[in-house]
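Reviewing the structure listed below.
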2 protein chains.
Amino acid sequence: MSEAPSDPNRRRIPEATVVRLPVYQRILSELLRTGAATVSSERLATMARVNAAKVRKDLSLLGSFGTRGTGYDVAFLRSQIDRALGVDQDWPVVIIGIGNLGRALVNSEGFSSRGFRVTALFDADPEVIGERVRSVEVLDVAELPAFARQDPPTIGVISTPAGAAQEVANTLISIGVRSILNFAPRVLTVPPDVLLRYVDLSIELQVMSFYESRRQADAEQLSTSGGDPPRLGSGGVSRPPLQT
Amino acid sequence: MSEAPSDPNRRRIPEATVVRLPVYQRILSELLRTGAATVSSERLATMARVNAAKVRKDLSLLGSFGTRGTGYDVAFLRSQIDRALGVDQDWPVVIIGIGNLGRALVNSEGFSSRGFRVTALFDADPEVIGERVRSVEVLDVAELPAFARQDPPTIGVISTPAGAAQEVANTLISIGVRSILNFAPRVLTVPPDVLLRYVDLSIELQVMSFYESRRQADAEQLSTSGGDPPRLGSGGVSRPPLQT
DNA sequence: TCGTGTGAACCATTTCACAGCT
DNA sequence: AGCTGTGAAATGGTTCACACGA
């Protein structure tokens with residue numbers, strides 16, 4: 001009735017794996033820089049601070065790219081991950097809000113390379129409009145709809161102050177953008193077919209605070225009562241979580 | 001033999017929940033701004049783009065703070081989340097690398113308020129050293145060890161270029177910092193007792209690329225063969241994941 | 001012999017469904 | 001009547017352990 005279920009790509013990839021793929025991607029890029037030709041799941045796992053079986057399972061979801069007894073070809077594997085992530089395609093990106101954060105984004109490795117093409121920057125501040133950042137001109141945000149008719153962006157990045165974020169989101173949606181990445185500290189409302197993701201610079205800081213206060217609580221517990229030694233694992237200190 | 005197992009705090013909180021607590025925290029702060037006195041799990045869930053049962057389970061791990069038939073008291077719940085996250089305590093933070101990203105961090109809501117106190121900024125560039133950002137002076141990174149003896153930081157934030165990140169991490173570890181938040185696009189090596197978390201500004205962008213290319217693939221599939229209509233859920237378009 | 005790829009077992013997290021309080 | 005808090009079921013994700021190929 002339906003097609004063969006094991007088409008190499010096209011297989012359902014769990015969200016958890018999708019989020020790890022960019023991590024592997026970066027590690028492979030670094031390995032490439034240092035001249036490594038092949039890498040084992042073991043080594044990749046150590047660098048990514050995850051379990052080797054997880055690396056193998058993640059990668060096997062993309063296809064069988066390894067060689068038994070040898071490992072994975074670094075360059076080839078990276079190209080396959082790029083393909084799975086879709087960063088071998090061209091995604092026009094607009095960034096709205098060119099303060100320090102917007103500038104940092106434009107200048108960041110991952111934004112201006114690897115599939116993403118920053119086609120325009122937008123701001124509302126006359127001081128900033130007309131400036132060039134990385135040779136891309138900052139336009140008046142009022143011109144965003146007109147710009148989009150010429151060169152429609154796929155992804156919109158919001159790095160405005162919180163107060164402007166919802167309005168910018170509305171504009172992006174009205175010009176047909178269906179993927180929005182929001183750095184502004186504000187909860188946004190968008191239609192259900194729009195993919196909205198948040199990056200909160202301070203969430204990780206708060207997660208650190210959580211584990212740090214657990215550490216302190218454990219340390220105090222230890223000095224007041226003569227409790228168990230702080231063994232890692234089940235009790236004691238919370239297992240340090242791995243990176244996003 | 002041992003103490004009662006249901007001490008309100010002190011209960012093990014799953015990592016997945018810890019990461020959502022800052023999200024609830026922000027939402028509650030916004031509700032407070034708009035003057036809401038109480039909130040239901042349903043409403044909180046809608047705003048956080050998660051399931052209501054999940055909200056209730058998450059919150060019940062911190063204690064029984066809701067009122068049946070009414071919901072949660074916004075201000076009280078927020079203070080309890082703050083407590084659980086440890087952001088009611090004082091965490092001295094140093095930031096190393098005062099480029100655009102470092103400045104954005106210093107100026108961001110979540111960094112300079114709510115428990116975190118940016119005690120000093122560091123850079124290696126003589127142009128930048130001596131400058132003040134948000135009234136905090138930028139010091140020479142060479143002075144970091146001396147500074148730490150006076151006013152030891154709990155958390156170190158790395159927002160340097162990739163090339164400097166490992167060296168900065170080594171310095172932080174040598175002065176006793178056990179929680180490091182790394183924004184530099186570089187895999188770092190640290191001892192196992194150091195809590196290291198990464199923030200990669202482009203990971204979310206790559207995740208978007210993944211889902212966007214799935215959308216395109218689905219759209220093409222649909223136009224070439226006369227396949228199934230793109231029902232949300234099992235097949236069709238991948239369920240848009242919720243924010244980190 | 002080394003290291004991938006993968007069923008199967010295990011563990012964590014999510015969701016359901018409803019008892020119980022206001 | 002409305003909404004929380006929570007066992008129990010369902011789902012999703014991780015790890016084990018080993019067959020198999022290079």
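Quick note: numbers below take in every heavy atom, side chains included, and nothing from hydrogens, waters or symmetry partners. Residue numbers begin at 1 in each chain, while the letters A, B, ... track the order of the sequences.
- Between the side chains of B:Gln206 and B:Ser202, at least one donor-acceptor pair of N or O atoms lies under 3.5 Å.
- Residue B:Lys54 has its side chain nearest to C:dT15 when only C:dT15, D:dG13, D:dT14 are considered.
- Using a 4.0 Å cut-off, some side-chain N or O of B:Tyr72 falls inside it from OP1 or OP2 of D:dG5.
- Put simply, CD on A:Glu204 and OG on B:Ser179 are 12.0 Å apart, with the number rounded to the nearest 0.5 Å.
- Ion pairing between A:Asp58 and A:Arg20 holds under the 4.0 Å rule for side-chain N and carboxylate O.
- In this entry the distance linking CG of B:Asp73 with P of D:dT4 reads 13 Å, nearest Å.
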Pick out the pairs of N or O atoms, protein on one side and nucleotides 18-22 of chain D on the other, that lie under 3.5 Å.
{"unit_1": "D:dC20", "atom_1": "O2", "unit_2": "A:Arg68", "atom_2": "NH1", "d": "2.8"}
{"unit_1": "D:dG21", "atom_1": "N2", "unit_2": "A:Gly69", "atom_2": "N", "d": "3.3"}
{"unit_1": "D:dA22", "atom_1": "O4'", "unit_2": "A:Arg68", "atom_2": "O", "d": "3.3"}

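- The side chain of A:Ser41 contributes an N or O atom lying less than 4.0 Å from OP1 or OP2 of C:dT4.
- At least one side-chain heavy atom of B:Val55 sits under 4.5 Å from a side-chain heavy atom of B:Val50.
- Counting heavy atoms from C-beta on, the side chains of B:Met47 and B:Leu31 come closer than 4.5 Å.
- The CZ atom of B:Arg49 sits 17 Å away from the P atom of C:dT14 (whole-angstrom rounding).
- With rounding to whole Å, B:Ile13 atom CD1 is found 15 Å from C:dT13 atom C1'.
- Of the candidate nucleotides D:dG5, C:dC16, C:dG3, C:dG3 has the atom lying nearest to any side-chain atom of A:Ser40.
- Atom CG in A:Leu62 sits roughly 10 Å away from atom P in C:dG5 (whole-Å rounding).
- Contact check, A:Arg20 against D:dT14: a side-chain N or O comes under 4.0 Å of OP1 or OP2.
- As a whole-Å value, the separation of A:Glu15 CD from C:dT13 C1' is 14 Å.
- Within the 4.5 Å cutoff, the side chain of A:Ile96 has no heavy atoms near those of the A:Val157 side chain.
- Direction change of the helix axis from one end of the helix from C:dT1-D:dA22 to C:dT22-D:dA1 to the other is 10°, with five pairs defining each end axis (rounded to 10°).
- Between B:Trp91 and B:Gln89 there is a side-chain heavy-atom pair separated by less than 4.5 Å.
- With rounding to the nearest 0.5 Å, the separation of CD in A:Gln80 from CG in A:Leu85 is 11.5 Å.
- Distance A:Glu42 CD to D:dT15 P: 13 Å, rounded to the nearest Å.
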**OP:** Starting from the C-alpha separation in whole Å, work towards a yes-or-no answer on salt bridge (Lys or Arg N to Asp or Glu O under 4.0 Å) for A:Glu212 and B:Arg197.
**Re:** CA-CA 13 Å; A:Glu212 193 63 52; B:Arg197 296 182 69 94; over 6 Å; no
**OP:** Before giving the answer on salt bridge (Lys or Arg N to Asp or Glu O under 4.0 Å), spell out for A:Arg117 and A:Asp90 the whole-Å C-alpha distance, their side-chain angles and the decisive distance to 0.1 Å.
**Re:** CA-CA 7 Å; A:Arg117 186 165 46 90; A:Asp90 179 64; 2.8 Å; yes
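- Going from atom CG of A:Asp58 over to atom P of D:dT14 covers 7 Å, rounded to whole Å.
- Counting atom types as modelled, A:Lys57 pairs a side-chain N or O with a base atom of D:dT15 as donor and acceptor under 3.5 Å.
- The residue among B:Gly66 and A:Thr17 whose nearest nucleotide of DNA chain D lies closer to the 5′ end is B:Gly66.
- Applying the 4.0 Å criterion to OP1 and OP2 of D:dC16, one finds that A:Asn51 has a side-chain N or O inside that range.
- Following rounding to the nearest Å, B:Arg12 (CZ) and C:dA12 (P) show an atom-to-atom distance of 7 Å.
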